[in-house]
Amino acid sequence: MGFANTKHPVSAKLIENQQYLKEHLGIGLSFDVGFREIIILKKKVQLYYVTGLCDSIVFQEILKVLIQINDFESNVKKIPEIIHNRLVHQQVTEVQSMDEVVDQLLSGLIIVFIDGEKYAYVVDVRSYPGRTPQEPDTEKVIRGSRDGYTENIIQNTALTRRRLRDERLRLEMMKIGERSKTDVCISYLQDIADDGLVELIKEKLGSIEIDGITMTDKTIEEYFIENKWNNYPLVRYTERPDVAASHLLEGHVIVIVDTSPSVMILPVTFFHHLQHAEEYRQAPIVGTFIRFIRFMAVLASLYLMPFWLLLVIDPSLLPKQLSFIGPNEVGNIPIFVQIIVAGLGVEFLRMAAIHTPTPLSTSMGLIAAVLIGQIAIDVGFLSSEVILYTSVSAIGSYVTPSYELSIANKLVSFALVIVVGVFGITGFIIGVVAHLLYLIHLKSIKVPYMWPFIPFNGKAILHVIFRIPVPYTNTRPSFVHPKNVYRQPIKKS
């Protein structure tokens with residue numbers, strides 16, 4: 001798929017520039033695209049803007065200052081220099097291509113044409129509509145900052161810069177989408193991030209040819225992933241600036257997409273999706289305890305249902321002390337079918353909770369728990385143990401910090417239940433081994449997904465299992481190949 005990439009230069013005649021913009025932007029038809037023509041020292045000057053994307057107060061101030069040139073200046077030969085000096089804003093650039101004029105205008109910048117000049121001034125007065133930074137619903141903490149990324153890329157880069165006031169922090173902007181022209185920012189620390197990693201990400205972003213990325217970072221992710229049908233997340237999303245800044249210090253690259261409140265962290269491993277900011281806001285021993293509980297919950301969401309089904313199918317696997325496990329009555333419906341039905345029911349409730357207005361969500365929960373669940377047990381459609389273990393498995397998926405990982409684990413759990421229901425213990429062993437081999441096979445931007453277990457790195461495994469105190473965390477993760485390995489001076493004993 002290719003797009004035309006011809007460059008149309010800015011004309012010295014204002015009428016030609018106006019005609020170009022009228023054809024390409026629908027000036028006169030689209031109400032939000034407008035322009036003002038003023039006379040400065042007997043020379044025409046045109047200002048173009050998009051209502052709602054630029055700061056109207058700043059635009060009025062610029063207009064006022066330009067008109068006052070007639071009262072204080074008289075040198076007609078230096079009108080361009082005078083106008084440039086009077087544009088009261090910190091970012092004023094010069095462009096010579098009408099294609100770039102259109103891109104900048106649609107991004108919320110003001111364009112200034114001067115009659116007789118083959119360039120235009122671009123004034124960055126964009127002011128995107130959006131909400132103020134607030135704590136993300138999916139990454140809440142008891143201790144810690146309450147701000148979070150928003151849909152405004154300018155605010156998001158500022159939130160990142162606020163936490164890393166380093167002159168080596170780079171924020172490179174580019175546009176993706178022939179029609180959407182979405183701003184995408186690549187953020188990294190120049191003296192830490194691997195040059196090859198940065199160039200690879202730039203290359204992948206630059207190779208995207210599509211009309212628009214209205215689904216923002218998720219669309220970009222699908223261009224990064226080689227196996228398009230993979231269910232496991234190979235990038236990490238976060239809405240917390242402190243989390244993003246921590247990964248930048250480790251040598252990761254952050255991709256910020258305009259109109260998205262989350263940023264992409266590249267590359268990542270399976271265990272990055274099990275991290276949560278709360279672990280680092282508590283004492284190391286408390287953070288380690290929280291991490292252990294989370295690991296147990298994730299394992300329960302993944303293997304509890306197929307393992308329990310295996311014990312029900314083959315009770316001889318149970319020791320005598322645990323012989324009570326399993327339904328007392330078989331019922332009319334096979335157990336593994338009950339598990340599938342109960343699991344789908346939980347997914348119905350999850351999706352219903354998303355689409356249900358908040359005042360009604362409590363009522364919906366009561367109906368699901370009291371009426372549907374209890375009646376299903378009373379009529380013999382589902383056994384009480386199926387409801388119990390399905391609930392524990394569902395809670396484990398909600399404990400998983402990464403929503404994408406919880407959904408992927410849910411799909412694997414369903415598949416294992418079916419395999420165990422059909423093939424028994426053989427199916428369970430083969431299914432678990434196949435799942436682990438699949439995870440080992442995955443790579444995130446050429447990084448092994450199961451690092452540091454495979455390939456093995458003993459020191460890094462300790463950081464995965466335990467929440468190591470920060471003074472003992474001297475080095476950065478080796479899998480991102482940081483140029484600067486040490487995070488702090490090594491203390492000699």
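- Using a 4.0 Å cut-off between charged side-chain N and carboxylate O, Asp242 and Arg162 make no salt bridge.
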* To do: Would you check, one step at a time, whether the test salt bridge (Lys or Arg N to Asp or Glu O under 4.0 Å) holds for Glu222 with Lys228?
  => CA-CA 6 Å; Glu222 294 181 5; Lys228 309 303 181 185; over 6 Å; no
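- No hydrogens or angles considered: a donor-acceptor pair under 3.5 Å links the side chains of Glu139 and Thr238.
- Donor-acceptor pairing under 3.5 Å is lacking for the side chains of Lys218 and Ser260.
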* **Glu250 and His252: CA distance, side-chain angles, deciding distance, side-chain hydrogen bond (donor to acceptor under 3.5 Å, both in side chains) verdict** => CA-CA 6 Å; Glu250 290 182 353; His252 297 262; 3.2 Å; yes
* **Step-by-step side chain to side chain contact (heavy atoms under 4.5 Å, CB included) determination, Asn231 to Val412** => CA-CA 9 Å; Asn231 62 316; Val412 173; 4.0 Å; yes
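- For Arg143 and Glu278, the salt-bridge test fails: no basic side-chain N is under 4.0 Å from an acidic carboxylate O.
- Atom NZ of Lys202 sits in a crowded spot, with more than 12 heavy atoms from other residues, nucleotides or ligands closer than 6.0 Å.
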* I would like to know whether Tyr237 and His273 meet ring pair (Phe, Tyr, Trp, His ring centres under 6.0 Å); could you show each step before the answer? => CA-CA 9 Å; Tyr237 293 100; His273 296 281; 8.7 Å; no
* Asked: Yes or no on side-chain hydrogen bond (donor to acceptor under 3.5 Å, both in side chains) for Gln155 and Tyr149, after CA distance, side-chain angles and deciding distance?
  -> CA-CA 8 Å; Gln155 283 186 343; Tyr149 288 127; over 6 Å; no
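- Within 6.0 Å of CD in Glu203 there are 12 or fewer heavy atoms belonging to other residues, nucleotides or ligands.
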* Could you please spell out the steps behind the side-chain hydrogen bond (donor to acceptor under 3.5 Å, both in side chains) verdict for Ser262 and Asp217? => CA-CA 8 Å; Ser262 58; Asp217 41 18; 2.9 Å; yes
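- Under the 4.0 Å criterion applied to side-chain N and carboxylate O atoms, Arg291 and Glu279 are assigned as salt-bridge partners.
- Two residues are said to be in side-chain contact when any heavy atoms from C-beta on lie closer than 4.5 Å; Pro448 and Pro455 meet this criterion.
- Judged by distance alone, with hydrogens and angles left aside, the side-chain atoms of Lys42 form no donor-acceptor pair with the main-chain N or O of Ile39 at under 3.5 Å.
- Here Lys43 does not pair with Asp115 in a salt bridge; the nearest charged N to carboxylate O distance is not below 4.0 Å.
- In this structure, Lys483 pairs ionically with Asp195, as a charged nitrogen and a carboxylate oxygen lie closer than 4.0 Å.
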* Given Asp183 and Arg126, is the salt bridge (Lys or Arg N to Asp or Glu O under 4.0 Å) satisfied, shown in steps? -> CA-CA 13 Å; Asp183 289 322; Arg126 63 184 123 192; 3.6 Å; yes
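- Of the candidates Tyr121, Phe35, Phe59, Phe35 is the only one forming a ring pair (Phe, Tyr, Trp, His ring centres under 6.0 Å) with Tyr48.
- The backbone N or O of Gly396 lies less than 3.5 Å from no partner atom in the side chain of Arg294, so there is not a single donor-acceptor pair.
- Counting non-hydrogen atoms of neighbouring residues, nucleotides and ligands closer than 6.0 angstrom, the OH atom of Tyr472 reaches no more than 12 such neighbours.
- For Glu226 and Lys443, the salt-bridge test fails: no basic side-chain N is under 4.0 Å from an acidic carboxylate O.
- Applying the 6.0 Å contact sphere to CE of Met215 captures no more than 12 heavy atoms from other residues, nucleotides or ligands.
- Between the side chains of Ser402 and Thr400, no donor N or O sits under 3.5 Å from an acceptor N or O.
- Here the side chain of Arg487 pairs no donor or acceptor atom with the backbone of Thr473 at under 3.5 angstrom.
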* Take Arg163 and Asp147 through the test salt bridge (Lys or Arg N to Asp or Glu O under 4.0 Å) and record every step on the way to the result. => CA-CA 12 Å; Arg163 285 167 171 80; Asp147 60 348; 2.8 Å; yes
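- Of the possible donor and acceptor atoms, one in the side chain of Ser406 sits under 3.5 Å from a partner among the backbone N and O of Tyr403.
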* Steps toward ring pair (Phe, Tyr, Trp, His ring centres under 6.0 Å) verdict (Phe271, Phe453) -> CA-CA 10 Å; Phe271 302 101; Phe453 282 91; 5.2 Å; yes
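- For the side chain to side chain contact (heavy atoms under 4.5 Å, CB included) with Ser187, the qualifying choice from Leu248, Asn156, Val253 is Leu248, the only one to do so.
- Other residues, nucleotides and ligands contribute only 12 or fewer heavy atoms inside 6.0 Å of the NZ atom of Lys78.
- Of the N and O atoms on the side chains of Thr150 and Asn152, not one donor lies less than 3.5 Å from an acceptor on the other residue.
- At distances below 3.5 Å, at least one donor-acceptor pair connects side-chain atoms of Asp99 with backbone N or O atoms of His8.
- Remark: side-chain polar atoms of Gln60 are not paired, donor with acceptor, to backbone N or O of Asp55 under 3.5 angstrom.
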* Ser180 vs Lys175, side-chain hydrogen bond (donor to acceptor under 3.5 Å, both in side chains): CA-CA, chis, key distance, verdict -> CA-CA 9 Å; Ser180 67; Lys175 293 184 184 295; over 6 Å; no
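- Using the six-membered ring where Trp is involved, Tyr438 and Tyr232 have ring planes that are tilted, between 30° and 60° apart.
- With salt bridges taken as basic N to acidic carboxylate O contacts below 4.0 Å, one links Arg131 and Glu151.
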